[in-house]
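Please read all numbers here as calculations on a predicted model, not as lab measurements. Below, each value reflects all heavy atoms present in this structure, side chains not excepted, and no hydrogens, waters or symmetry copies. Per chain, numbering begins at 1; letters A, B, ... match sequence-line order.
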Protein chains: 2
Amino acid sequence: MRKKLNNTGAGGATRRVTSYDVALAAGVSQSAVSRCFKPGASVSPATQAKVMQAAAALDYIPNAAARSLITRRSNLVAVIVSNLANLYYPQVLSELSEQIARLGKRLLLFTLERETDIGKVLCDVWQYQVDGAIVAACLSDQQIAEFARREVPLVLFNRRSREQAVPAVLCDQAEAARLLVSRLAEAGHRQFAIIDGPGDSAVAQERKAGMLDRLFELGLPAPIVVGGNYDYASGGLGLRKVIDRLGRVPDAVICGNDIMAIGCLDTARQQLGIAVPQQMSVAGFDAMEASGWLSYNITTLRQPIQQMASDAVLMLDRLMARCGGAAEGRRYRSSLVEGATARLAMMAAA
Amino acid sequence: MRKKLNNTGAGGATRRVTSYDVALAAGVSQSAVSRCFKPGASVSPATQAKVMQAAAALDYIPNAAARSLITRRSNLVAVIVSNLANLYYPQVLSELSEQIARLGKRLLLFTLERETDIGKVLCDVWQYQVDGAIVAACLSDQQIAEFARREVPLVLFNRRSREQAVPAVLCDQAEAARLLVSRLAEAGHRQFAIIDGPGDSAVAQERKAGMLDRLFELGLPAPIVVGGNYDYASGGLGLRKVIDRLGRVPDAVICGNDIMAIGCLDTARQQLGIAVPQQMSVAGFDAMEASGWLSYNITTLRQPIQQMASDAVLMLDRLMARCGGAAEGRRYRSSLVEGATARLAMMAAA
DNA sequence: TTGTAAGCGTTATCAA
DNA sequence: TTGATAACGCTTACAA
């Protein structure tokens with residue numbers, strides 16, 4: 001038997017209401033109370049009613065920590081995103097949050113100021129015994145292995161692992177980049193310029209690689225490549241650097257994302273007096289909302305990020321349920337949003 | 001003594017590594033291991049070394065649930081945001097996340113599809129015994145009271161409670177709106193139009209109230225007010241409705257946020273051939289990044305949201321530390337970003 | 001400084 | 001269907 005119960009004494013902090021208190025109030029055992037809060041348990045309607053009434057009266061809520069201790073499931077899903085991704089794709093987080101809630105789980109959010117902080121973050125992840133994780137940041141193979149070792153299901157978001165087969169949702173960045181280059185080349189562009197994303201962005205790497213690859217295949221002149229960091233300013237700055245290095249306006253500028261494309265476009269039209277797309281084509285990636293605004297109507301590539309986010313949670317759910325489902329990565333295609341900032345070749349009718 | 005330790009048997013799931021395992025490996029007691037992981041505990045360097053080595057060898061990480069059970073602190077901070085806020089201010093979430101991490105705590109994220117979902121969400125919040133909460137959503141007075149009753153420190157973000165004195169960071173929406181109206185009126189605008197934010201946005205309400213209030217004070221004609229929902233399309237649509245209702249172009253359109261202002265501006269200039277600001281002024285709220293882009297340069301009001309987010313965490317930290325600090329709300333001023341989409345009166349030199 | 005032992009609030013097992 | 005009772009993995013007096 002319990003020694004003392006709710007001490008409403010004036011002394012210190014009030015004790016928390018526990019299942020014992022409810023049991024006492026309802027005149028049943030503590031384990032009966034526990035069962036009443038477990039969905040498919042065997043309790044008589046009478047007991048159920050008594051307990052629920054007592055629980056409501058006492059404002060009782062089960063303690064997740066205690067439950068997690070014994071069940072070994074925390075109902076927590078870790079979401080790890082680099083700050084960049086977080087800022088540029090708020091919809092992803094929003095979708096993840098909704099879908100995770102739909103599974104009856106909670107979202108434990110970790111953001112990385114620098115991609116190198118991930119070590120510390122993982123330590124916290126282990127402490128909280130999360131049921132699974134969705135990661136949109138670069139993990140070393142060793143770190144990926146640690147997920148496996150600790151039996152924490154993992155789904156990568158737009159990242160892949162070279163060595164291991166890790167469940168992932170990813171969009172064909174390189175393929176999309178190749179498509180864009182092809183269409184621009186067919187339309188007669190020859191001198192390309194690339195305003196690249198930041199060096200620590202895996203997505204940016206793949207996009208650039210795809211472009212360079214396809215340009216080479218087509219036997220076109222080597223493009224001017226300048227660095228950028230995904231923000232508005234670096235789009236305009238990048239364009240100036242390109243023109244400086246090339247000594248003239250290039251035929252086409254492909255930017256690592258839409259924000260830079262918008263920056264590039266604004267600088268071209270409003271500061272340098274370049275006619276887009278007549279004199280120069282501009283394209284971006286992501287089809288973010290602003291890219292469709294009347295003032296821009298950017299030529300860009302759309303990833304089905306909402307779908308990807310939703311599927312990532314679904315995939316994680318399967319992994320959490322059947323402990324051993326050998327889920328591979330699922331791939332998505334980008335679709336070209338033709339916009340009005342680039343001269344594109346007509347496509348042959350299907 | 002413990003009955004059985006790590007059963008590496010082929011049978012089921014491998015047991016987790018616990019402090020007992022580490023103790024055994026290091027040849028010390030389990031409590032010694034616990035002490036080694038507590039910052040200011042009294043342990044001899046020799047023991048510390050032995051334990052840490054054993055822990056590293058076994059990949060031991062303390063279990064947060066077990067710790068939370070006894071310490072009564074989960075090191076979890078709940079952040080509750082309505083989906084809208086989440087999408088329009090990704091920086092807020094980013095800043096909150098960083099600052100919360102700096103306190104050594106973790107961010108448990110709850111997003112609301114509809115503001116009415118908050119009841120369910122709170123239930124989860126109680127289960128997880130969070131150490132505190134930052135809420136950017138509408139709470140009823142009853143719900144606010146529940147935080148107090150359960151002794152969970154609460155800081156409101158850009159929301160206030162009519163009845164209770166709840167710690168909050170909030171920006172003077174009405175004051176900002178009044179300022180904007182004043183400056184436009186001084187510059188000679190007489191017929192105003194308002195494209196309002198969604199009905200369930202507290203911030204939108206306050207902005208509109210401030211505008212109406214000041215217009216009335218100034219004895220100006222009643223403005224046309226049309227509904228909007230904070231998105232790009234509703235800016236353009238709103239403008240068309242305004243012109244339809246008024247039978248002509250108004251002198252000034254004030255939009256509930258920058259996105260609608262951008263939508264309004266694009267429609268005005270590119271579809272209706274209205275010269276902004278010569279023929280009509282347009283203004284928004286929030287000073288979101290896009291409002292400063294060369295194509296827009298919107299006249300808008302900037303809230304120090306980064307500062308506000310950072311201060312919200314600070315305020316919460318103080319509440320979590322001293323259990324009874326009677327912290328009031330802290331207020332911030334919006335600053336006018338003059339932009340180029342509105343004709344504003346010159347200010348008298350200070 | 002170290003070890004012993006008593007919880008923390010649940011769920012799971014097993015008789016009754 | 002119910003009620004004892006034993007975990008779960010940790011922190012924290014208290015005694016040595």
Side-chain angles (χ1 to χ4, degrees), chain A residues 1-7 12-24 26-51 55 58-75 126-129 150, chain B residues 1-7 12-24 26-51 55 58-75 126-129 150:
Chain A
M1 207 38 202
R2 197 107 180 153
K3 284 143 227 164
K4 47 176 177 175
L5 284 173
N6 246 330
N7 57 334
T14 50
R15 251 192 74 256
R16 290 204 276 231
V17 177
T18 75
S19 53
Y20 277 95
D21 304 318
V22 177
L24 194 68
V28 298
S29 75
Q30 181 271 333
S31 36
V33 175
S34 174
R35 276 191 289 263
C36 287
F37 282 87
K38 184 178 169 170
S42 91
V43 211
S44 74
T47 315
Q48 175 84 19
K50 272 193 298 184
V51 167
L58 294 174
D59 248 5
Y60 168 74
I61 304 254
N63 181 321
R67 167 181 296 161
S68 145
L69 200 51
I70 186 90
T71 61
R72 300 168 155 226
R73 347 189 64 240
S74 58
N75 283 330
W126 310 138
Q127 289 210 5
Y128 280 90
Q129 317 273 333
R150 296 190 183 271
Chain B
M1 214 27 207
R2 196 100 180 161
K3 284 140 222 165
K4 49 177 177 175
L5 284 172
N6 246 330
N7 59 333
T14 50
R15 248 191 78 257
R16 289 204 276 230
V17 178
T18 75
S19 53
Y20 277 95
D21 303 319
V22 178
L24 195 68
V28 298
S29 77
Q30 180 269 331
S31 44
V33 175
S34 173
R35 278 191 286 262
C36 287
F37 281 87
K38 182 178 171 169
S42 91
V43 212
S44 74
T47 313
Q48 175 83 19
K50 272 192 300 185
V51 167
L58 294 175
D59 248 3
Y60 168 74
I61 305 255
N63 181 322
R67 167 180 296 160
S68 144
L69 201 51
I70 186 98
T71 60
R72 298 164 158 229
R73 349 190 64 241
S74 58
N75 282 331
W126 310 139
Q127 289 210 8
Y128 281 90
Q129 317 272 336
R150 296 190 184 271

Asks: Run the side-chain contact (heavy atoms from CB on, under 4.5 Å) test against A/A49 and tell me which residues pass, sequence neighbours left out.
Replies: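 Applying side-chain contact (heavy atoms from CB on, under 4.5 Å) to A/A49 gives none.
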Asks: Quick one: pull up OG1 in B/T18 and CZ in B/R16 and give me the separation to the nearest 0.5 Å.
Replies: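 Answer rounded to 0.5 Å: 10.0 Å.
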Asks: How many Å lie between CG on B/D21 and P on D/dC8, as a whole number?
Replies: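 Atom CG in B/D21 sits about 11 Å away from atom P in D/dC8.
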Asks: Using whole Å, report how far CZ of B/R72 lies from P of D/dT12.
Replies: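 Going from CZ in B/R72 over to P in D/dT12 covers 12 Å.
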Asks: Using atom names, set out every protein N or O paired with an N or O of nucleotides 11-15 of chain C below 3.5 Å, distance rounded to 0.1 Å.
Replies:
residue	atom	partner	partner atom	Å
C/dT11	OP1	A/R67	NE	2.9
C/dT11	OP1	A/R67	NH2	3.0
C/dT11	OP2	A/S34	OG	2.3
C/dA12	OP2	A/K38	NZ	3.0

Asks: I'd like to check the salt bridge (charged side-chain N to carboxylate O under 4.0 Å, His left out) partners of A/R67; sequence neighbours left out, ordered by chain and number.
Replies: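 None.
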Asks: Under 3.5 Å, which donor-acceptor pairs link side chains of residues 38-48 of chain A to any protein atom two or more places apart or in another chain?
Replies:
residue	atom	partner	partner atom	Å
A/S44	OG	A/T47	N	3.2
A/S44	OG	A/T47	OG1	2.7

Asks: Residues in side-chain hydrogen bond (donor to acceptor under 3.5 Å, both in side chains) with A/S74, at least two apart?
Replies: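 Only A/D131 meet the side-chain hydrogen bond (donor to acceptor under 3.5 Å, both in side chains) criterion with A/S74.
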Asks: CG of A/N63 versus P of D/dG9: gap in Å, rounded?
Replies: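 That distance rounds to 16 Å.
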Asks: Tell me the closest heavy-atom pair linking A/A26 and A/V51, and the distance in Å.
Replies: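 In terms of heavy atoms, the two residues are closest at CB-CA, 4.0 Å.
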Asks: For B/S68, report the nucleic acid contact type (base, sugar-phosphate, nothing); a contact means any heavy atom under 4.0 Å.
Replies: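 It contacts nothing in the nucleic acid.
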Asks: Take the C1' atoms of the five end pairs on each side of the helix from C/dT1-D/dA16 to C/dA16-D/dT1, derive the two axes, and give their angle rounded to 10 degrees.
Replies: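 The end axes of the helix from C/dT1-D/dA16 to C/dA16-D/dT1 are about 30° apart, to the nearest 10°.
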Asks: Please state how far atom CZ in A/R16 lies from atom C1' in C/dC8, giving the value in whole angstrom units.
Replies: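 Whole-Å distance recorded here is 8 Å.
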Asks: What residues, two or more places apart in sequence or in another chain, satisfy side-chain contact (heavy atoms from CB on, under 4.5 Å) together with B/S34?
Replies: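 Scan of B/S34 (side-chain contact (heavy atoms from CB on, under 4.5 Å), adjacent residues dropped) gives B/Q30.
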Asks: If you compare every side-chain N and O of A/S29 against the phosphate oxygens of D/dG3 (OP1, OP2), does one of them come in below 4.0 Å?
Replies: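 A/S29 to D/dG3 OP1/OP2: side-chain N or O found under 4.0 Å.
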Asks: Rounded to the nearest angstrom, tell me the gap between atom OH in B/Y128 and atom P in C/dT10.
Replies: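 In whole Å, C/dT10 P and B/Y128 OH are 14 Å from each other.
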Asks: Starting from C1' on C/dT10, measure out to CG on A/N75 and report it in whole angstrom.
Replies: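 After rounding, the reported distance stands at 14 Å.
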Asks: Could I get the full list of ring pair (Phe, Tyr, Trp, His ring centres under 6.0 Å) partners for B/F37, not counting sequence neighbours?
Replies: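 Here the qualifying residues are B/Y60.
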Asks: Test of understanding: with side-chain hydrogen bond (donor to acceptor under 3.5 Å, both in side chains), list the residues that count as partners of A/R150, not counting sequence neighbours.
Replies: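 So A/R150 forms a side-chain hydrogen bond (donor to acceptor under 3.5 Å, both in side chains) with A/E146.
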Asks: Please give, in whole Å, the distance from C/dC8 C1' to B/L69 CG?
Replies: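 Between C1' of C/dC8 and CG of B/L69: 4 Å.
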Asks: Is A/S44 close enough to D/dT1 that one of its side-chain N or O atoms is under 4.0 Å from OP1 or OP2 there?
Replies: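 The answer is no; no side-chain N or O of A/S44 sits under 4.0 Å from OP1 or OP2.
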Asks: Are A/T47 and D/dT2 close enough that a side-chain N or O sits under 4.0 Å from OP1 or OP2?
Replies: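 It does, given that an N or O in the side chain of A/T47 lies less than 4.0 Å from OP1 or OP2 of D/dT2.
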